Structures are given as C-alpha cells and as structure tokens.
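This structure is a prediction, so every number in the text was calculated from the model and none was measured. Below, each value reflects all heavy atoms present in this structure, side chains not excepted, and no hydrogens, waters or symmetry copies.
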Number of protein chains: 2
Amino acid sequence: MSKKQLIIDAAIELFAKKGYETTSIQEITEHCGISKGAFYLSFKSKEELFLSIIDHVITKLGSTIDHLVSGDLDDEYKMYMYFTQLFEFLSSHRDLATIFNWERPHQVEKQLFDKLVFYDKQFSYTLLKLFESLYGEAIVETKYDLVLCVKGLLKAYGEYILFEKGTVNISAITQSFVDKINVLAKHAKKPFLTEDVFNNYGIISTYTVTLQKIEEQIKAAYERADQELEKESLLVLQQQLQSEQPSNAIIEGMLHNLRSFPGSHHISYLLRLYRRQQQNGKKHG
Amino acid sequence: MSKKQLIIDAAIELFAKKGYETTSIQEITEHCGISKGAFYLSFKSKEELFLSIIDHVITKLGSTIDHLVSGDLDDEYKMYMYFTQLFEFLSSHRDLATIFNWERPHQVEKQLFDKLVFYDKQFSYTLLKLFESLYGEAIVETKYDLVLCVKGLLKAYGEYILFEKGTVNISAITQSFVDKINVLAKHAKKPFLTEDVFNNYGIISTYTVTLQKIEEQIKAAYERADQELEKESLLVLQQQLQSEQPSNAIIEGMLHNLRSFPGSHHISYLLRLYRRQQQNGKKHG
DNA sequence: TTGACAACTGACTAACTGGTCATTATTATA
DNA sequence: TATAATAATGACCAGTTAGTCAGTTGTCAA
C-alpha cells in the first residue's frame, strides 16, 4: 500500500472517531508509525489531506453508483438498486460515512464548502431526474419537494445505519425506504418546495457549470500541485478551454495525466457536466 | 443585559459562523469588548459556556413548547401547533439552531454527548406519544418507523429554514410538513424500524431514567458549582434521593435554589421523568 | 566499496490555545 | 474624603498546533 493510502486510512479512522479539528497530524503519523516529516512528503497540509479524503470517497462511491444511473435498467429497479448501493456503501465504509455525516465545513473553508455543496447539488439533481422518469406527470407539482423529503429520510436512515454496530439488513431497509418514496410521490399533495421557492433555495437545477468555475478549480488545483507533469497538464487544460476550438483528445489526455492527482476527479466531473450542458444548449437552441 | 448574557450572545454568533472548536475565547471576548479575564469571571471554562448555551436553548424552546404537549388541545391541532412553534423557533433563532444542527459532539466529550442524546430521546418520545394518540391502532406496527422518518423530514425542512436568508412562510411549511406525516402514517406499510430493531437502536422508549443516572448528573453539576448555596443544595438533593422517604417539598425547594444554575433544568427534567416512571410502575404493577 | 540520490526523521519554530493571577480601575460605604 | 470591596485587566504560563529543515538512514548503480 502506498504511503499516501496508509495515511488516508489512518486519518479516516481518527477523523471518524475524534473529528477533523481535534485530530492532530502528530496523532495520525503515530497511528501509522511514520514520522511527522514523512507526512509532509505525501501531503502539503492537513487541509489537502482532508480534500484528498473527500475525493477518495466520491471516487469510491461514484465508481460503484454512477454507471447505474446511466445504465438502461427498469426505472423502479434502478431506484431500488441505487439506494441498495448507497446503503451498502454506508454500512461497509462506516468511518468514511461518519466523517461525511458529522463534519460540516463552515463557510470559512471556501474550497471545501464549495466542493461539498457541489456534490450535494449533483446528488439532488440525480434524484430529481430519477423521480421524473419514474413518476412522470404525477409529480410535476411536487417533485422538488419530494427531493427535499427523500434527502431528509436518507439522513435518518443513514444515521441509523451508522449508529447500528451490528450488521444491517440492507435489503429490508431499502424496501422500506423505497416504499416511503412511493407513498410520498403518490399521496403527498401539499408541496412546500415548489419550483419558485426552489429556485431561490437553488439546490439543484439552477446550478450551471460555467467555464469560469472550472477555471477557478484548475487554478486552485495548480496551486496545490507540486509535480511538473501535473502543473503542465493543468496549464494545457486551461489553454484548451480558453481556445476557440478545444481538442477533445488533448483534454482527455490531460485528464489522464492528472488521474492520480487529488481533485482531478472533480475537474473532470465539472468538464463532463459542462459539455453535456453545451450539447443540451445546442439541441434546444 | 448581564455580562453572562453578553458573552453568550457573542458566542452564539461566532459558534454559528465558525464552529465551536475553531472559535477561541480571545475572539469571543474581543467580539463583546471585554478582557479575557472577565470571561472567566462569568464562566469556568469554554466547555461550561457551551453547556450553558445548550441549557439556554433548551430552556427557551422548552418553555414555549412544553406546555403545548401537556395541554388538552385537539390532537391534530396540537401537532400543527407543535411544529409551527418549532419552525418559528428555528427561523427566529437561526444562529442558535445552526449550532445545534452543525455541531456534533464526539463521544469523547462525555457530558455534552449524554445531554444531547438525552434531549434527542425525549424529543423522539414526545413524537411517539403524539402519533399514538393521533393515529391510534392504525400505526401500531409502524409508529417507531414513523418517528424516525419524521425526524429525517424535520432535518431537511429545518436545514432549508436555516439556509434561507429571507423570511420563511411558517404556516405553509408547517402545513406541508403535517401533510407528509399524515400521508406516511396512513399509507406507509413497510416499516423498517419495528419495535424489535428499535429496542436495539434504543432511541426512545427503552430509555429509563435510573436514580444512578440522576446522581451522576448531580455529581457532575456539583463539580461545576462554585457557590456555596448551589453546592449545598445539590448535596441535600442527593441525600433526599437516597433516603427511604424523600420529601417532595425539600426536593422542590432545592430545585428552586438551583434554578439559575446551568444544568439544573436538566436535572429537574430527569427528576420529573423519574417520578412519572415510578407512578406508571405502580399503576401497572 | 563508493557515491549519488531519495526516503525518512524528529528536534525545532512561530503562532496560538485555554486558563491564571498580580495589578489596576471602579464603585459602594463610612 | 478615606477605606474597603468588587470588577476588570492583560501580561503571562504551560501546553499544543501545523509546518520546516538540517541531518541521518537506506538503496542501488557504477
């Protein structure tokens, strides 16, 4: 196992137990039997470690779940599988999930906050699309409200899973969960979060990826990067985005160069979204 | 305004903005224009300040809501009013609610953790009783599950209120919320959290107040106390609890002596519960 | 065996923490 | 006004923190 992974694993365990603020780097290094100096060979700072862990969990969860959404399964079954995976992930990566559940970044820590807000919005958007294709016209008035409620239910169920020390019956919990979604979708007729209010709240659909936002991320990543290849790749990437006719191949190549670099997953995510938006724009325009 | 209140107000503002761990006493004292030494004239430590804030919020919320539960209003209306008060409290004490929502004590901070867990259980219990008297036999299988779900929904709605900077339509939000509870109570038929599972989870009804637990709290309070009257009152209270025939009058008197002492509210809460338990025990035994 | 290079160490720094206490300012009392 | 009592101060303490860097150790090719 790489040193980086060793540190991440120790940190996840300790952050889950004691919290980010109250866990010192000293403790982390002691816990995995390396020196303090060695830590700074792998990470530039404590904050970078934390960002790294977030990327870690997003990548891990994303790789098991993302393909589900884009697959062409039956919608009902898709939803069932989606939450099964989610609950399974929670129960098999309890420490990781505990950190996510407990550790809330305050607005002060800008980068961290933005990132989590972004993933949250993405998640909401995924749910919205799922519900739209499942229930169609029936929930046109209540769909935004439904998303909010389902996220709330998820928190309650998730917390139960994290709390419960023994094994959890994932199948039973998922069935119960999906039942509730069906019930709410079918019978709840007094939405609070309608589209109007919703746009103010701005959880989901109003979030558009702009070139500027991506460039900000690239710039931030550039400052964290230390290897030449990474730095150059980020520069090339930025140039491509600013040019009139960006080359698909070069962009893909740069992302490939950056794949082991913390934060690159987020950038490529943004890029994918951005391109999808552009295509939709063309279709509708 | 008393110095204590001045500090509490400043602390609430800063804790909400920056978090408990990352807010220093220096910052708090600077924010209200007093010296560091003056802080320690009002509070023994940073932790006591935090415990004080919790008591503060519980007392504030409790005094506006508690009488509702014990009053003899129509159940449906009672539920509506209950959540109205709750949402109103959230939106008019946003900083306070933000702290409660974001700041999670880790098991390490034993006293704090116990206290919050306790209030959480109390809240669950209140909901359970409310639902039982509202829906009766219809939810006998699903009531524990319903409590869990409602708490989840509450988190989602509550977070929306905290997030939303402008004014919030409390009436609309409550109607929507109550509608969801009704829908879930009527139609959700696949409970996950049945009584069995529930007892393991142990959120609610399995929580029994023992004399030992109360004595622990008194002991902890004794160590925090600095005035003679408080100390003596706590000692007398403990003696009364241990004696064969505790005197109601003395206990009430001691609680009265302690009413301005942080934490006394919690102790009297426990005592009320304990006595209720004893009475129920007699009835059923 | 040598030497170049990378990996690693842990004492060290500067800043900050919660908390203390001798000193000073303010107020009440005589 | 003089004296006692109380309130408030901020320099100071011991401890901890993230982060650094001169020096040691290990590795491997020549």
Would you mind reading off the distance between [X] atom [atom1] and [N] atom [atom2], rounded to a whole angstrom?
| X | N | atom1 | atom2 | answer |
| --- | --- | --- | --- | --- |
| Lys3(A) | dT9(C) | NZ | C1' | 11 Å |
| Ile7(A) | dA7(C) | CD1 | P | 13 Å |
| Ile28(B) | dT17(C) | CD1 | P | 11 Å |
| Phe50(B) | dG18(C) | CZ | P | 14 Å |
| Phe39(A) | dT9(C) | CZ | C1' | 16 Å |
| Glu30(B) | dG18(C) | CD | P | 12 Å |
| Leu49(B) | dG19(C) | CG | P | 10 Å |

(message) I'd like to know if Glu159(B) pairs up with Lys151(A) as an ion pair, taking the criterion as any Lys NZ or Arg NE/NH1/NH2 lying under 4.0 Å from an Asp or Glu carboxylate oxygen.
(response)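 No.
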(request) Could you tell me the separation between the NE2 atom of His93(A) and the CG atom of Leu61(A), rounded to the nearest 0.5 Å? (result)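 If I round to the nearest 0.5 Å, the distance is 9.0 Å.
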(request) Measure the CZ-CD distance between Arg94(A) and Glu164(A) for me, rounded to the nearest 0.5 Å. (result)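 If I round to the nearest 0.5 Å, the distance is 7.5 Å.
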Quick check against the 3.5 Å criterion: does [X] have a side-chain atom that pairs as donor or acceptor with the backbone of [Y]?
| X | Y | answer |
| --- | --- | --- |
| Gln5(B) | Ser2(B) | no |
| Lys17(A) | Thr23(A) | no |
| Gln240(B) | Pro246(B) | no |

(request) Kindly give the heavy-atom pair with the smallest separation between Ile25(A) and Lys46(A), and that separation in Å. (result)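 Distance-wise, the nearest heavy atoms are CD1-CB, 3.9 Å.
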(message) On a heavy-atom basis, which atom in Thr98(B) and which in Ala16(B) lie closest, and how many Å separate them?
(response)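 The pair with the smallest heavy-atom distance is CG2-O, 4.0 Å.
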(request) For residues Phe15(A) and Asp95(A), determine if any side-chain heavy atom of one lies less than 4.5 Å from a side-chain heavy atom of the other. (result)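 No. Closest side-chain heavy atoms not under 4.5 Å.
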(message) A quick test of your reading: do over 12 heavy atoms of other residues, nucleotides or ligands sit less than 6.0 Å from CD of Glu252(B)?
(response)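 More than 12 heavy atoms, drawn from other residues, nucleotides or ligands, come within 6.0 Å of this atom.
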Short N/O separations, protein against nucleotides 10-13 of chain C, under 3.5 angstrom:
unit_1, atom_1, unit_2, atom_2, d
dG10(C), O6, Gly37(A), N, 3.4

(request) For DNA chain D, note the earliest and the latest nucleotide, 5' to 3', having some atom under 4.0 Å of a heavy atom belonging to chain B. (result)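 The contact span of chain B on DNA chain D goes from dA8(D) to dG10(D).
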(request) Just call it for Thr23(A): base, sugar-phosphate, or nothing, with non-hydrogen atoms closer than 4.0 Å on any strand. (result)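 Sugar-phosphate: the residue Thr23(A), judged by heavy atoms under 4.0 Å, touches backbone atoms but no base.
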(request) Give the ring-plane orientation class for Phe50(A) versus Tyr20(A), where under 30° counts as parallel, over 60° as perpendicular and anything between as tilted. (result)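 Rings of Phe50(A) and Tyr20(A): tilted, 30 to 60°.
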Sub-3.5 Å pairs of nitrogen or oxygen atoms, protein against nucleotides 25-27 of chain C:
none

